[in-house]
Structures are given as C-alpha cells and as structure tokens.
Amino acid sequence: QVQLVESGGGLVQAGESLKLLCSVSGRTSITGTMGWFRQPPGKEREFVAAIRWRDGTTDYADSVKGRFRISRDIVSKMVYLQMNSLKPEDTAVYYCTHRDGNILETRAAEYAEWGQGTRVTVSS
C-alpha cells in the first residue's frame with residue numbers, strides 16, 4: 001500500500017493556473033497507476049486524469065483535455081496536476097489516488113488508496 005498527501009490547492013480566479021502536488025510514500029518504488037479525481041460540492045467523485053507509472057501514458061477526462069496535465073517524478077515519487085485556464089466548474093476537492101493495476105481506470109471504485117484531498121475554488 002501507499003500513503004498519499006495532496007497539496008497546492010487554493011482560491012483562484014477563472015483563467016488562472018494552479019499546480020497540485022501528490023507526495024507518495026510507504027513503498028520503495030511505485031507500480032501501477034496514479035490518478036487524480038475531484039468531487040464538486042454536492043456531487044459524486046469524478047475522474048480527472050491518470051498516469052501509468054511504468055511508461056508515463058496518460059488519460060484525461062474530456063472536460064479537462066487541453067487544460068490539465070498530469071505528470072510524475074520517478075525519483076522523488078511525486079505526482080503533479082498542472083491546471084491551466086481554470087473555470088468555475090473546476091471547483092472541487094481534488095484527490096490523488098493509486099491502484100495496483102496498469103489500466104488507466106476512470107472509475108473511482110477501481111482505485112484503492114486515496115489522499116485526504118486538497119480544495120480548489122475557482123471564482124468568476
């Protein structure tokens with residue numbers, strides 16, 4: 001298992017950028033898939049992006065394609081979510097997550113470990 005801690009959230013205005021960070025610990029090396037999900041107020045948790053640790057292959061929700069980028073640093077065991085051109089609809093608590101398999105799953109139930117979340121608020 002891994003332990004995940006998110007940071008970098010905050011309050012920004014529409015059109016601005018924000019970078020989220022996920023620190024991974026509890027393992028010597030990371031395998032499987034890392035992902036970012038978000039949960040808007042009053043809504044269910046939804047897929048944002050995923051990255052296969054082994055080869056860096058990524059997948060994105062349609063709502064964030066072209067605006068968000070997920071990346072990882074293998075040496076420091078960090079996962080990032082660069083969020084550009086933020087919209088009020090991006091307001092949510094953002095969660096870092098991990099699963100053992102290499103499939104870039106978009107369903108929250110397929111991920112095993114979760115961070116505590118970091119809040120992103122985008123004002124208009």
Side-chain angles (χ1 to χ4, degrees):
Q1 78 284 359
V2 298
Q3 291 81 49
L4 311 174
V5 179
E6 305 96 331
S7 62
L11 195 159
V12 297
Q13 295 184 0
E16 296 182 342
S17 298
L18 203 60
K19 188 172 185 177
L20 306 183
L21 299 80
C22 176
S23 178
V24 185
S25 62
R27 288 184 177 178
T28 302
S29 61
I30 300 174
T31 59
T33 304
M34 300 294 301
W36 287 96
F37 283 71
R38 66 188 183 186
Q39 188 164 16
K43 299 181 179 180
E44 295 184 350
R45 195 166 298 186
E46 65 183 22
F47 173 75
V48 175
I51 184 167
R52 185 181 295 127
W53 196 263
R54 180 184 62 199
D55 60 11
T57 302
T58 59
D59 191 27
Y60 297 92
D62 289 341
S63 59
V64 305
K65 285 182 179 178
R67 298 189 298 122
F68 291 9
R69 291 183 181 180
I70 187 172
S71 61
R72 88 260 199 247
D73 187 309
I74 297 174
V75 175
S76 64
K77 298 195 293 183
M78 296 285 291
V79 183
Y80 308 99
L81 185 67
Q82 179 65 49
M83 310 164 67
N84 299 323
S85 301
L86 283 163
K87 306 175 180 180
E89 307 93 271
D90 297 318
T91 295
V93 176
Y94 283 71
Y95 296 91
C96 181
T97 187
H98 171 265
R99 67 187 305 272
D100 289 334
N102 288 311
I103 302 297
L104 298 176
E105 280 281 354
T106 62
R107 296 175 64 87
E110 297 300 320
Y111 289 82
E113 294 100 1
W114 297 82
Q116 82 290 343
T118 185
R119 185 176 299 276
V120 173
T121 302
V122 184
S123 64
S124 60

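Between atom OH of residue Tyr60 and atom CD1 of residue Ile51 there is a gap of 7.0 Å, rounded to the nearest 0.5 Å. Taking OG of Ser25 as the reference point, atom CG of Leu4 lies at 7.5 Å (rounded to 0.5 Å). The line from CG of Leu81 to CD of Glu6 is 11.0 Å long, rounded to the nearest 0.5 Å. The CG atom of Leu20 sits 7.5 Å away from the OH atom of Tyr94 when rounded to the nearest 0.5 Å. Atoms OG1 and CG, from Thr118 and Leu21 in turn, are 9.0 Å apart once rounded to the nearest 0.5 Å. In this structure, CD1 in Ile30 is found 10.0 Å from CE in Met78, a value given to the nearest 0.5 Å.
Cation-pi geometry between Arg45 and Tyr95 is met: under 6.0 angstrom from the ring centre, within 45 degrees of the axis.
Following chains of ILVMFWY side-chain contacts shorter than 4.5 Å, one cannot reach Phe37 starting from Met34, and the two form parts of different hydrophobic clusters. At a threshold of 4.5 Å between side-chain heavy atoms, the hydrophobic network of Ile, Leu, Val, Met, Phe, Trp and Tyr places Tyr80 and Ile70 in two separate groups. Note on Val24 and Ile74: same hydrophobic cluster, where clusters join Ile, Leu, Val, Met, Phe, Trp and Tyr whose side-chain heavy atoms are under 4.5 Å apart, directly or indirectly. Under the 4.5 Å side-chain heavy-atom criterion for grouping Ile, Leu, Val, Met, Phe, Trp and Tyr, Val120 is not connected to Phe47 through any hydrophobic cluster.
Lys65 has a carboxylate O that lies under 4.0 Å from a charged side-chain N of Asp62, or vice versa, which qualifies the two as a salt bridge. Using a 4.0 Å cut-off between a side-chain N of Lys or Arg and a carboxylate O of Asp or Glu, Asp90 and Arg38 qualify as a salt bridge.
Contact record, Ala112 with Trp114: O-CD1, 3.8 Å, taken as the closest heavy-atom pair. The two residues Val93 and Gly117 have their closest heavy-atom pair at CG1-CA, 3.8 Å. In terms of heavy atoms, Pro40 sits closest to Ala92 at N-CB, 3.6 Å. Residue Thr33 comes nearest to Ala50 through the heavy atom pair CG2-CB, 4.1 Å, listed as atom of the first residue, atom of the second, then distance.
In the hydrophobic clustering (ILVMFWY side chains linked at under 4.5 Å, chained through shared members), Leu104 stands by itself.
Heavy atoms of other residues, nucleotides or ligands lying less than 6.0 angstrom from CG of Leu11 number more than 12.
Under the side-chain hydrogen bond (donor to acceptor under 3.5 Å, both in side chains) criterion, Asn84 pairs with Ser17, Gln82, sequence neighbours left out. Applying the side-chain hydrogen bond (donor to acceptor under 3.5 Å, both in side chains) rule to Glu113 yields the partners His98; only residues at least two apart in sequence or on another chain are considered.
Arg119 is listed as a side-chain neighbour of Thr121, based on a closest heavy-atom distance under 4.5 Å. Put simply, the side chain of Phe68 does not reach to within 4.5 Å of the side chain of Thr58, judged on heavy atoms. No side-chain heavy atom of Thr97 sits under 4.5 Å from any side-chain heavy atom of Trp36.
With no hydrogens or angles considered, no side-chain donor-acceptor pair links Tyr111 and Arg99 at under 3.5 Å.
Looking only at distances, a side-chain donor or acceptor of Glu16 sits under 3.5 Å from a matching main-chain atom of Gln13. A donor-acceptor contact shorter than 3.5 Å is absent between the side chain of Arg52 and the backbone of Ile103.
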